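To keep things clear, I will list the structure first and then write my remarks on it.
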Amino acid sequence: MLSMSVRVRYAPSPTGLQHIGGVRTALFNYFFARSQQGTFILRVEDTDQSRSTDEALQDLYDTLHWLNIRWDEGPLVGGPCGPYIQSQRFEIYQKYAAELVESGKAYPCYCSEERLANLREEQAAAKSKEQGYDRHCRNLSAQQRAEFEHQGIKPVIRLKVPLEGSTTFHDVLMGDITRKNRDVNPDPVLLKSDGFPTYHLANVIDDHLMGITHIMRAQEWIPSGPLHVLLYEAFGWDVPQYCHLPMVMGKDGQKLSKRHGSTAVREFKEKGYLPEALTNYVSMVGWSYDGVKEFFTREELEQVFTLEKINKAPGVFDYKKLDWYNGMYIRAKSDAELASLLTPYLAKAGFVTEPCSARQQERIDAMVPIVKERLKVLSDVVEMTRFLFEDIACPPVDQMLPKNQTVETTVQVLNATIPVIKELGKASDEDLEQRLASIATERNLKINGVFMPIRVAVTGSTVSPPLFDSIRLLGLETTMIRLERAITTLTQHMGK
RNA sequence: GUCUCCUUCGUCUAGUGGUUAGGACAACGGGUUUUCAUCCCGUCAACGGGGGUUCAAUUCCCCCAGGAGAUGCCA
């Protein structure tokens with residue numbers, strides 16, 4: 001091998017649940033690493049002590065496991081560049097920050113939060129050309145510093161961004177991106193007063209120390225690209241390759257967020273999206289193979305993924321298309337596999353016990369082929385099969401009446417129907433269907449005029465799985481009770 | 001306000017200096033069907049605008065507009 005092997009990382013901060021945008025970044029990094037026989041690293045950026053939570057960290061692990069994104073190095077698995085959790089690398093950042101101060105590339109700043117807040121407010125109000133820190137502490141004398149230290153003020157460390165010149169970095173997708181140094185954040189904080197690094201510092205140090213070759217992250221980071229290059233240069237380190245990924249937006253073109261619908265991967269899991277469907281769909285926003293092929297196994301993606309095919313423009317996350325993918329993946333499952341995927345949803349609804357009895361298992365197995373082509377998400381099974389597990393209320397009269405049919409004819413139809421239904425299992429379905437059809441024609445009704453009242457009486461809805469299948473699953477006994485009850489209700493209504 | 005990035009059907013996208021601008025989802029219509037769904041068939045639908053360059057621009061260049069992002073002791 002001629003070139004240095006690829007090392008990429010996904011470096012989320014555990015401050016919230018993993019969301020669609022995040023896992024898309026993870027996936028692209030992961031696929032790129034695999035396609036290059038490279039290394040995929042997970043790094044936890046928990047430098048914001050007030051916002052990082054254990055729950056979010058656990059959610060990160062759960063989500064990556066669920067999506068089957070395995071990291072070669074990182075927390076839980078270790079690796080040669082550990083630790084991979086930034087809060088455990090505290091001293092490293094201290095050391096490098098001190099180095100920068102010593103070499104004059106950074107300086108301590110003693111400004112209070114209040115002063116900075118006021119400054120920002122004034123600048124915004126005045127629509128000032130200068131926005132951001134005013135470099136107040138950039139040129140403090142040693143004496144002034146000593147004075148502040150004496151007062152016990154904990155300083156932050158700020159980068160001394162050059163006032164002149166410009167900085168360029170190369171992006172695999174965008175090409176060269178240049179920014180004048182005076183437009184770069186004016187002296188951003190590198191080390192906070194609690195001693196923890198900011199993203200900028202930790203990120204650059206760790207990417208260097210961990211030998212990251214390609215930085216693939218969302219485009220929202222583009223503006224800080226030059227800043228990071230400045231940092232690499234301040235340390236005298238090589239700059240990795242950049243590849244800024246297009247963002248994932250909601251329907252309104254804004255950054256995807258909760259108000260667009262579910263965004264946490266955990267929610268998709270709970271609703272019954274399959275990980276392979278989610279992976280497949282998410283991979284197709286911002287990337288395509290040839291514009292035609294759109295079903296990819298994960299192995300194919302690991303093989304065929306290339307940076308060049310990534311789109312530059314942001315993409316809208318289309319929930320409808322995800323549903324379509326999910327339905328396709330559900331239908332591709334074997335009945336047995338689908339049965340076991342569905343069982344937790346049935347158990348949660350209280351329809352079956354977990355683990356379920358042999359009798360329940362039998363019923364689920366019989367149900368699966370019937371619901372399979374009707375499911376968009378696994379949880380749909382609950383409402384779809386509720387009538388099988390719970391006693392339903394007798395539907396209201398008008399719901400039981402087919403179009404253009406009176407209560408009288410409907411009662412007659414239902415009565416005529418009962419002896420036929422009782423034959424279920426004894427005669428063939430075709431035979432039964434024939435006989436129900438003739439009940440309709442004898443009365444000059446459409447065939448639906450016979451099926452629909454039965455369907456509504458038995459399932460409680462005008463929409464259900466095929467009638468005979470539904471009855472078989474329900475059992476003849478319960479079916480008869482519901483039919484008789486419907487007839488009684490209708491008859492009573494007639495008298496009024 | 002300033003800086004940066006982006007711009008092909010409603011959405012995800014393919015594509016080329018000369019194409020009937022292709023596919024998928026959605027929508028709509030039709031067929032199959034005991035409802036729904038599946039499945040099949042079809043319809044609608046796009047190169048943001050203005051300048052160039054060129055015999056020829058959706059494609060190359062410039063400007064504008066629109067959108068997004070950044071501008072934190074958050075990442």
Side-chain angles (χ1 to χ4, degrees), chain A residues 11-16 45-48 50-52 109 111 113 116-117 120 123-133 154-158 171 173-174 177-180 182-186 188-194 196-200 202-203 217-226 244 246-247 249 251 253-255 281 284-294 311-325 327 331 370-376 384 402 433 436-437 440 446-452 454-456 459 461-468:
Chain A
S13 70
T15 53
E45 307 217 330
D46 60 343
T47 55
D48 186 338
S50 59
R51 294 201 311 142
S52 296
C109 162
C111 292
E113 304 233 26
L116 296 175
R120 250 194 306 280
Q123 286 169 335
K127 301 206 169 186
S128 161
K129 215 166 144 62
E130 305 293 326
Q131 300 269 334
Y133 184 54
K154 278 253 175 229
V156 301
I157 302 299
R158 289 183 182 270
D171 184 278
L173 262 22
M174 310 291 172
I177 295 175
T178 301
R179 228 174 147 174
K180 293 189 190 74
R182 67 173 140 86
D183 291 328
V184 172
N185 305 14
V189 171
L190 262 22
L191 210 60
K192 308 179 223 179
S193 54
D194 64 1
F196 278 88
T198 59
Y199 170 80
H200 303 297
N203 175 266
R217 51 155 45 158
Q219 278 175 7
E220 57 188 327
W221 290 110
I222 288 180
S224 32
H244 287 92
M247 316 239 311
M249 318 298 250
K251 259 235 158 335
Q254 311 275 115
K255 205 164 145 181
Y281 174 62
M284 302 308 287
V285 6
W287 182 86
S288 74
Y289 178 66
D290 59 3
V292 175
K293 181 172 164 65
E294 52 189 351
N311 233 72
K312 287 199 251 191
V316 174
F317 188 82
D318 186 347
Y319 290 86
K320 289 252 180 72
K321 190 145 191 182
L322 204 217
D323 282 347
W324 174 74
Y325 267 104
R331 273 169 254 131
I370 295 158
V371 296
K372 194 178 196 175
E373 63 197 24
R374 282 160 240 271
L375 296 173
K376 284 208 296 261
M384 208 168 277
E433 188 171 343
L436 290 183
K446 289 194 172 159
I447 191 160
N448 195 39
V450 172
F451 273 88
M452 192 50 84
I454 310 175
R455 181 188 315 283
V456 175
T459 71
S461 167
T462 56
V463 174
S464 82
L467 187 57
F468 296 153

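Sequence lines set the chain letters: A, B, ... in the order given, protein chains first and strands last, and positions in each chain run from 1. From a predicted model like this one, the values you see are computed outputs, not experimental measurements.
- At B/rU35, none of the side-chain N or O atoms of A/Thr459 fall inside 4.0 Å of OP1 or OP2 (strictly under the cut-off).
- Separating the CE atom of A/Met384 from the P atom of B/rU38 is a distance of 10 Å, rounded to the nearest angstrom.
- In this view, A/Lys251 satisfies the side chain to side chain donor-acceptor pair (under 3.5 Å) rule with no residue, not counting sequence neighbours.
- Evaluation of the side chain to side chain donor-acceptor pair (under 3.5 Å) rule for A/Ser461 yields no partner, not counting sequence neighbours.
- Looking at which nucleotide of RNA chain B each of A/Glu113 and A/Ile447 is closest to, the 5′-most match is held by A/Ile447.
- When Watson-Crick and G-U wobble pairs are counted only if both distances are under 3.5 Å, B/rU43 pairs with B/rA27.
- For A/Asn448, the listed nucleotide lying nearest its side chain is B/rU35; candidates were B/rU13, B/rU35, B/rC74.
- Taking atom CZ of residue A/Arg217 and atom C1' of nucleotide B/rU4, one finds them 14 Å apart after rounding to whole Å.
- A/Asp323 has its CG atom 15 Å from the C1' atom of B/rC12, to the nearest Å.
- Remark: A/Glu45 engages A/Arg43 in a salt bridge (charged side-chain N to carboxylate O under 4.0 Å, His left out) (not counting sequence neighbours).
- Under the salt bridge (charged side-chain N to carboxylate O under 4.0 Å, His left out) criterion, A/Lys376 pairs with no residue at all, not counting sequence neighbours.
- Taking only side-chain atoms of A/Phe468, from C-beta outward, the nucleotide of B/rA14, B/rU34, B/rU4 with the closest atom is B/rU34.
- Although no hydrogens or angles enter the test, the distance criterion places a donor-acceptor pair under 3.5 Å between the side chain of A/Gln123 and the main chain of A/Gly132.
- Among the nucleotides B/rU13, B/rC73, B/rU38, the one closest to the side chain of A/Ser288 is B/rU13.
- Closest approach to the A/Thr198 side chain among B/rA14, B/rC6, B/rC73 is made by B/rC73 (side chain taken as heavy atoms from C-beta onward).
- Nucleotide B/rU4: paired with B/rA68 (Watson-Crick or G-U wobble, both distances less than 3.5 Å).
- Counting any heavy atom pair closer than 4.0 Å across all strands shown, A/Asn311 reaches sugar-phosphate atoms only and no base atom.
- Put simply, CD on A/Glu130 is 9 Å from C1' on B/rU2, counting in whole angstrom units.
- We find that CG of A/Asp194 is positioned 14 Å from C1' of B/rA75, with the value rounded to whole Å.
- Here the side chain of A/Arg331 is nearest to one of B/rC6, B/rA37, B/rU38, namely B/rU38.
- When Watson-Crick and G-U wobble pairs are counted only if both distances are under 3.5 Å, B/rU53 pairs with no nucleotide at all.
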Expected string for nucleotides 61-71 of chain B under the B/S/- scheme (protein heavy atoms, under 4.0 Å, primed atoms plus P, OP1, OP2 as sugar-phosphate) is -------SBSS
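- Spacing between B/rG51 and B/rA65 at atom C1', rounded to whole Å, works out to 14 Å.
- Listed nucleotides B/rC6, B/rC74, B/rU34 differ in distance to A/Phe451; the shortest reach to its side chain belongs to B/rU34.
- For A/Ala202, the side-chain contact (heavy atoms from CB on, under 4.5 Å) test picks out A/Thr47, A/Gln86, A/Tyr93, A/Pro197, with sequence neighbours left out.
- Side chain of A/Met452, nearest nucleotide from B/rU35, B/rC73, B/rA75: B/rU35.
- Between the P atom of B/rC74 and the CG atom of A/Asp48 lies a distance of 5 Å, rounded to the nearest Å.
- In summary, A/Asp318 and A/Lys321 do not engage in a salt bridge, as defined by a charged side-chain N under 4.0 Å from a carboxylate O.
- Side-chain proximity of A/Arg374 to B/rG72, B/rC36, B/rU38: nearest is B/rC36.
- Nearest heavy-atom pair across A/Phe451 and A/Leu436 is CZ-CD1, 3.8 Å.
- A/Val189 comes within 4.0 angstrom of sugar-phosphate atoms only, judged by non-hydrogen atoms across all strands, and of no base.
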Heavy-atom protein contacts under 4.0 Å, nucleotides 16-33 of chain B, coded B base, S sugar-phosphate only, - none
------BBBSS-------
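- For the pair A/Leu190 CG and B/rA75 P, the interatomic distance rounds to 12 Å; values are reported in whole Å.
- The CH2 atom of A/Trp287 sits 17 Å away from the P atom of B/rC12 (whole-angstrom rounding).
- Listed candidates were B/rU11, B/rA37, B/rU38. Nearest to the side chain of A/Val316 is B/rU11.
- Under the side chain to side chain donor-acceptor pair (under 3.5 Å) criterion, A/His244 pairs with A/Asp171, A/Arg217, not counting sequence neighbours.
- Distance alone, capped at 3.5 Å, is enough to place a donor-acceptor pair between the A/Gln219 side chain and the A/Lys312 backbone.
- Using a 4.0 Å heavy-atom criterion, one finds that A/Ser13 contacts the sugar-phosphate atoms exclusively.
- B/rU58 and B/rU53 have their P atoms separated by 15 Å, with the value rounded to a whole Å.
- Across all strands, A/Gly327 comes closer than 4.0 Å to no nucleic acid atom at all (heavy-atom distances).
- Taking A/Thr462 as the reference, nothing meets the side chain to side chain donor-acceptor pair (under 3.5 Å) condition, with sequence neighbours excluded.
- A donor-acceptor pair under 3.5 Å is formed between the side chain of A/Thr198 and the backbone N or O of A/Val189.
- Distance check on atom C1': B/rA56 versus B/rG69 gives 38 Å, rounded to whole Å.
- Comparing B/rG72 with B/rC61, their P atoms are spaced 34 Å from each other, to the whole Å.
- Toward the 5′ end of RNA chain B lies the nearest nucleotide of A/Pro465, the other residue of the pair A/Pro465 and A/Arg158 mapping further downstream.
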